[in-house]
Each structure stands twice: as C-alpha cells, then as structure tokens.
Protein chains: 2
Amino acid sequence: MKRPSEKSQAAVTMRDVATQSGFSPATVSIVLNNAPLARYIAPATKKRIEDTAKKLGYRPNAMARFLRSKRSHSVGVLFFDITDPFCTLIMRGVENALYQASYLAIFADAHNQRNRFERYLELLLERHVEGLIVVANWLFVDIHVLADLSKRNIPSATIGWELPGNNISSVMVDNETGARLALEHLHQLGHRKIAFIRGPKMLIDSAPRWRGIQKFAHGAGLEIDPALVLQLPESLDPNSSFESGYRYTEDLLEQRKKFTAVMAFDDLTALGAIRALTKAGVKVPEHCSVTGFDDIALSSLAAPSLTTVRQPMEAMGALAVNIVMDGINAALEKRDWNVVNQKMNPELVIRDSTRAVSLTGGDD
Amino acid sequence: MKRPSEKSQAAVTMRDVATQSGFSPATVSIVLNNAPLARYIAPATKKRIEDTAKKLGYRPNAMARFLRSKRSHSVGVLFFDITDPFCTLIMRGVENALYQASYLAIFADAHNQRNRFERYLELLLERHVEGLIVVANWLFVDIHVLADLSKRNIPSATIGWELPGNNISSVMVDNETGARLALEHLHQLGHRKIAFIRGPKMLIDSAPRWRGIQKFAHGAGLEIDPALVLQLPESLDPNSSFESGYRYTEDLLEQRKKFTAVMAFDDLTALGAIRALTKAGVKVPEHCSVTGFDDIALSSLAAPSLTTVRQPMEAMGALAVNIVMDGINAALEKRDWNVVNQKMNPELVIRDSTRAVSLTGGDD
DNA sequence: TGGTATTGCGAAAGCGATAACGTAGCTTGA
DNA sequence: TCAAGCTACGTTATCGCTTTCGCAATACCA
C-alpha cells in the first residue's frame, strides 16, 4: 500500500536555497547556472550557495526554467516505424549525440500512420522542442508540414529521406554508390547473370539504387536481363520484405530462370531470398550469391552471414543531431545557417553470402 | 540560407485568443481544456473562443501549463541498452499505451553505464516526469535510486527486472514456466540428452529459468548431465551471447559430447549454437534440436527459424504503463494504490529448429 | 580630487498558463 | 419575499525561474 499522504514534501525551490543561504534568488540563479554574470560573484558567495543547494537537495524545475528562458533543451525525434530494424542504431546515434549536448530526446513513433505522425508533431511543437529529426524512408509527408516548421523556425533534419524543394536539411546514405559497390563486388566475383529485386517505388531509396546498378552495368558492359528484374510491392510493414524476397525468389526458381546471384534491395529481402534458395536446395554462396543493403543487426548473425552495403546509421543519427544543433545555436546567436543535404558514404561489408561464381554453376 | 530575421512571429498566446475573442484568459482556458467549469459556459461563447483559437492557430504552451498545473504529461522510460533486441517491442508497447493516454515518453538509453543511468534519472526528475519505467535485465541499480523515487512519490515500474524488497512495481515474464515449456517440448519430442546453456548469474532471468528446468527434469525423471551444462559469462554487451553460444557449442562438439538437443538461455545464444552446429556438419533440426528464449524479431527470420519461448513484450510494455498510470491517477485522486509484481505468461512458439529425436541419431 | 570601470549583489518584471475566488444576474422553492 | 443555488463569466494570484536594471561599494587613472 502506498499512501499518498506521506507528506509529499514540496520540492525544494530556488527561493528556499536563496533564503537559506542568505542571498537573493537572482544570485542563486546566476551562480548555479554559472551564467556570465557569475564572474562578478564572490567565490565565498558561490560556495555558500552551492553548498546549501546541495544540502537541501535542490533540483531545478525544468519547466519553470523553460518557460522563462524559452528553451526546452529537448529535440523531437519522429520515427515512422520504430520496429524497422533500420531505426535501432539511428536511435542510438541520435541519443548519444544529444546526450553529449545535454539535450533530451523525445522519441515518437508514427506507426506508419499519417495522422499519428501529425498528432505527434503537434505534441512536440506544444512542448517547444528546439529541433526536430524525422526518420523515415517513405515518401509520406508533404509540404505543409515543412511550411509549419520553417515558419516556426525550428531547425529540422530528416534521416534516410528527403523533401523535394529542399528547404530542410537531410542526411542520407549515398544509395547510388552503395548499389554500385554491391554490384561491382558481384561482378568482380564473376557473376554475370544477376537477379535484381528492386525496392518499392514508394521508397525514396529505390530509384537511386537502381540508377547505380544501371550505371555500373552500362559502364562494365554487364547485361541486365529484364526477366530477372523484380520489384517489391508497396507495403507499410518494414518486415514484409522478407516475405516478398522469399516469394519472388521462389517464383524465379520455379520459372527455371538461370542466375548465379541475387542483388536484393535490402537485408530483409536478401534473407528472404536466401531462405527460398536454401529451401530449394540451392546453396548460398556455393551455387548462388546474395547481397543485401543496410547491414541491420541480423545480417551478421544470419546463416550464412550476409554480404551487404552498410549504412553508417549511428553516424547518420549523430550528424542529424549536429545539423540541428548548429541550427539551434545559429538562431541563438542570430547567425544565419545553411540547409545541408548530406550524403554519407556506404561501406561494402563482405561476408559469407557471396562467392566467386562456380565453374560448375550455370554461368554459360 | 535561413535568415533568422524572418520575423520569428511571436507564438500566439492564450491572451491573444482572449482579447481577440473578447473574453478573459480564464474563460479561454476553461473552454479550450474543457474543464469541469465548462458546463457553465454558454455554447455561443465556446464556439467564439474555439473559432478564434483555430483562426489564430493557437497552440498551448506546454511548459507554462506544466509549471502551473504541476503535471508534465510525460513519463520517463529508462532503457539499459536500447540495442538489445529485447527492447524494441517493449518500446513499441510502452509508446502505444502512453499514446492512448496522451502522454509522451521520454526515452533514455543508459548504454549499460551506471553513471549514465543516474544522469538520465536526474534529467528526468528535473523534468518532473509523472512516472518512470525502467527496462533492464541487469541487476545493476541498487536501493538508493528506489528511495529517491518513492520519496518523491513517482509511480514507477520495472520491466524484465525486479528490485529486492519490492517497493516498486514490476512486470516480468514467468521465467520458470517458460523454461519448463521449452524443456517439456524437447522431452515430448523424445530428447533425453540435452545440453543446457544457462544465463549469466548477473541476469535475474537466469536463476528462475534454471529452476524451471530442474523442476521439470525432476518431475519427468529426466537426467541432467552436468557435463552438458554450461553457463554464459557475465557480459554487458547484449549481443555477445551469440558469440558465446557459438563458442560453447563448438567446445561441446570438440569434446565429442553426445546430445540431441541444446536448450539455450536466449535466442541469440540459440542462434550462435545453431551456427556452430551447422558449421560442424550437424544439421538442425535433423541431428540436433535447439530452443531459445524471448522470441526476438530475428528468430522467425533465421534459418532454420527458431523454436523459442516468447515473452509478450508489447503487452509487458503496455502493462507497465498501465501500472504507472494507475499510480498517477491514484495520487491525483488521493487514493491509495498498490505495488504490483506481475508475471506474464510466456508462450511456446514451435518453429523449425526442433524435431523429434531421430532414430539414427546418437540417442543410445 | 573627481570621474570612470570594475565588482558584488538585490528588486522586480515577467514567461504563459491555471486555479481559487469574486461577482453578478437569474431562477427556484417554501 | 427572500435565502439559496445555478449560470456565466472576470480578477487575481501564483508556479519557479531568468534577466534586465539598478544601486552601491571599491579600485583605477589622470
């Protein structure tokens, strides 16, 4: 039994510290915040104040502070779907960078629902977040959100996602390069008959990755067989691509198409493809190589471990924070600041799911 | 270029709505919050106020509201390590339940570091979170934290973790039952020589799971060969158990121990074990069955998909929120409330990593 | 010696909202 | 007929903190 009557001892306030230490609240504030004016405060006074603050167990009331100073020391982080494995390390990166700056993150998860996204945005704005980070890869949000943000002068950045007519900063992986890296790798291993599972149109990543593939193929004289090119269906469930990868690969096998490698849109698709291949008795990587994209946590743990293109997710999260913090500081110092649209370099991670094409394989 | 000089239009305040609509701030407050007194406000007045609020794009200032009402409408959620796959669905459950209640979650990630934990706790208390949820499975935090919390009368709950001398609510899976379910399953499949990989002592889950195993073994007359019982090392890295599972299983195989099944402490350990078995040419499940615990996202995607004991993680998150909310409401209504220590029922999820013991196998 | 800087601190005005209390006019019942 | 209660709002006092302004005193310089 918890009795609320346990004398919910009114929190000790700054005024308490002031009267106890014999100074005014103003001085206490200046000392405890180490404000510029603290230069002029006598060391003895500082000590007295700090000591009594500690003795009383004073804890500043953030709300009062925020109300007065108009700074909330928090930034909103809006995820489109937190169960997407892509998000985990981004969270880590964001959280860590904010922690360094003594900011707190208010995470929100839109569950891929537009109205939920907007409701959360509203809640975050009411709380006067000083900045906003939006993590998504769906082409969902339209311009009016941006309008609201820039009118209110809230520094924002998107991760894995970009708004057209960029008035808003963004951090993305260089998808085109990433796709090229993977394909180049397969090509170097001797693969010529490669099946491609493209991403859904809805995803902003899909087009540039395909472009990277086409450019490399063109440059290297690699022929892309249209019959080996598939495209994932539109879906809101981030984990559905495993299913799709499985089914599409199964279809290819049933149609007796010849290929020695599958380049999948992302890791989950690749894992689905591997599952289908294995089930059909096609060994990976002995008979068929598979590549993914993202390097989510699973990929190194899967059997076989997945060769994939890593997005530097923690770094992307940290960079987004830095961009936003720069915006915040700029506004504070009444400087100008720039919208930045940064493309991060992906990294090819070679594991066990790719191998040089076998001579006994179907590579005519 | 972003010019800060874009007339950062001072946010429209309640006073603006008041003067514009011709009523007093108090009335505006009552109407917009639909406070009890709103019964007495003329419908026409309500409409006028609501209309002008909408017209001006009024958005309440949460900080001012919080300062006055002493309610922050947010609860802190303290994770020990957010990269632990165990956490993802808990986050989802917590977030969703809070969303229903129009509360916002302030997530914090302690990175398994005690000082970081304490710093975050401090930050959360400064923000006057109305409740606190701590997600962990390490026996890390000691009593003085609890003392602080209950003195400040902040309803709290832990997930996957329990404090001794329980003055604080907790939500855990019934580990003993879960372990029994898994072992029972293996036993029914005919397995008699079973290797066990126990959890590290540091984890609170380890002991009850082992107890469940022992009890079932005793009841069923199953003999546990001490040579087949291993224990994971203490480690702070949630993903290290894959490595350990791999290595330990490798050791068992090298020592030519006979066993037809491995019951691993958790899913990652199980996946590591499977990897070692597969690498050594022992097929799962044909030659050896493997079970895990948790049912993290990977488990259904792995090859073979993992038979495991599911923790109802979303439900656990939601329940923790409900417990905390009940505490908050109780305090508000000056009711008493109870500390609850809830054990949730685990569920056996049978997939492809377990099979009836083969006659040709090594089961003498 | 007088004037300017530097040092050391307090008084008071809010930040934007809510809650307690007032103040009317009007209805109702005995 | 008049106290009591309901209806429909407005006044005012904070909530706990920051910040600007202001006032002294002491130090410095010419």
Side-chain angles (χ1 to χ4, degrees), chain A residues 8-50 52-53 56-73 125-128 130 152 332, chain B residues 8-50 52-53 56-73 125-128 130 152 332:
Chain A
S8 204
Q9 48 179 26
V12 24
T13 129
M14 187 150 129
R15 174 172 272 96
D16 297 333
V17 178
T19 55
Q20 275 281 323
S21 66
F23 294 95
S24 76
T27 309
V28 174
S29 171
I30 288 165
V31 169
L32 292 184
N33 292 311
N34 202 17
L37 280 177
R39 298 187 300 133
Y40 301 133
I41 306 288
T45 306
K46 285 188 189 175
K47 185 154 165 35
R48 274 268 297 285
I49 289 178
E50 278 156 2
T52 57
L56 297 183
Y58 170 68
R59 214 188 309 256
N61 182 323
M63 303 180 210
R65 186 206 299 256
F66 297 165
L67 175 58
R68 181 63 230 243
S69 66
K70 291 178 177 302
R71 302 197 52 193
S72 67
H73 271 268
L125 292 179
E126 283 183 7
R127 275 159 202 253
H128 288 238
E130 295 183 47
R152 303 186 134 255
L332 234 57
Chain B
S8 206
Q9 48 180 26
V12 24
T13 129
M14 187 150 148
R15 175 173 271 94
D16 297 333
V17 178
T19 55
Q20 275 279 323
S21 65
F23 294 96
S24 78
T27 308
V28 173
S29 172
I30 288 166
V31 169
L32 293 183
N33 292 311
N34 202 19
L37 281 177
R39 298 186 299 131
Y40 301 134
I41 307 289
T45 306
K46 287 187 187 174
K47 187 158 166 30
R48 274 266 297 284
I49 290 178
E50 277 156 3
T52 57
L56 297 184
Y58 169 70
R59 216 186 311 255
N61 182 323
M63 305 181 212
R65 190 208 298 257
F66 296 166
L67 175 57
R68 183 61 233 239
S69 68
K70 293 179 176 303
R71 304 197 50 194
S72 66
H73 270 268
L125 291 179
E126 282 184 6
R127 274 159 204 253
H128 288 236
E130 296 183 45
R152 306 187 132 253
L332 233 58

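Numbered from 1 within each chain, the chains take letters A, B, ... in sequence-line order.
- Of all heavy-atom pairs spanning Asn33(B) and Arg65(B), the tightest one is OD1-NH1, 3.0 Å.
- By the neighbour-count criterion of 12 heavy atoms within 6.0 Å, atom CZ of Arg15(B) is sparsely surrounded, having that number or fewer from other residues, nucleotides or ligands.
- Summarising the geometry, the separation between NE2 on His73(A) and P on dT18(D) is reported as 10 Å, rounded to the nearest angstrom.
- At least one side-chain heavy atom of Leu32(B) sits under 4.5 Å from a side-chain heavy atom of Tyr58(B).
- Put simply, Tyr40(A) has no side-chain N or O that comes within less than 4.0 Å of OP1 or OP2 on dC23(D).
- Contact between Ser21(A) and Arg48(A) at its shortest, heavy atoms only, is O-NH2, 2.5 Å.
- When each of Asn33(A) and Ser24(B) is assigned the nucleotide of DNA chain D with its nearest heavy atom, Ser24(B) is the one assigned upstream, toward the 5' end.
- The distance from atom CE of Met14(B) to atom P of dG10(D) is 12 Å, rounded to the nearest whole Å.
- In this structure, Thr13(B) and Asp16(B) have side chains that are in contact, with non-hydrogen atoms separated by less than 4.5 Å.
- For DNA chain C, the span of nucleotides reached by chain B at under 4.0 Å from its heavy atoms goes, 5' to 3', from dG16(C) to dA19(C).
- Between Lys46(B) atom NZ and dA8(D) atom P the separation is 9 Å, expressed in whole Å.
- Contact check, Thr13(A) against dG16(D): no side-chain N or O comes under 4.0 Å of OP1 or OP2.
- As judged by a 4.0 angstrom heavy-atom cut-off over every strand, Phe66(A) is placed among residues making no nucleic acid contact.
- Here Ala26(A) lies in heavy-atom contact (under 4.0 Å) with a base.
- In the set dT18(D), dG16(D), dC9(D), the nucleotide with an atom closest to the side chain of Ala64(A) is dG16(D).
- In terms of heavy atoms, Ile49(A) sits closest to Phe23(A) at CG1-CD1, 3.9 Å.
- Looking only at side-chain heavy atoms (C-beta outward), Glu126(A) and Asn61(B) stay at 4.5 Å or farther from each other.
- Taking atom CE of Met63(A) as the reference point, atom P of dC17(D) lies 11 Å away to the nearest angstrom.
- Positionally, the nearest nucleotide of DNA chain C for Arg15(B) lies more toward the 5' end than for the other of Leu37(B) and Arg15(B).
- Rounded to a whole Å, the CD atom of Glu126(B) is 13 Å from the C1' atom of dC17(D).
- Protein atom CZ of Arg39(B) is 11 Å distant from nucleotide atom P of dA8(D), rounded to whole Å.
- Rounded to whole angstrom, the span from the NZ atom of Lys70(A) across to the C1' atom of dT19(D) amounts to 13 Å.
- Note: CD1 (Ile30(B)) to P (dC9(D)) measures 10 Å, nearest angstrom.
- Nearest to the side chain of Leu67(A), among dG16(D), dC9(D), dT18(D), sits dG16(D).
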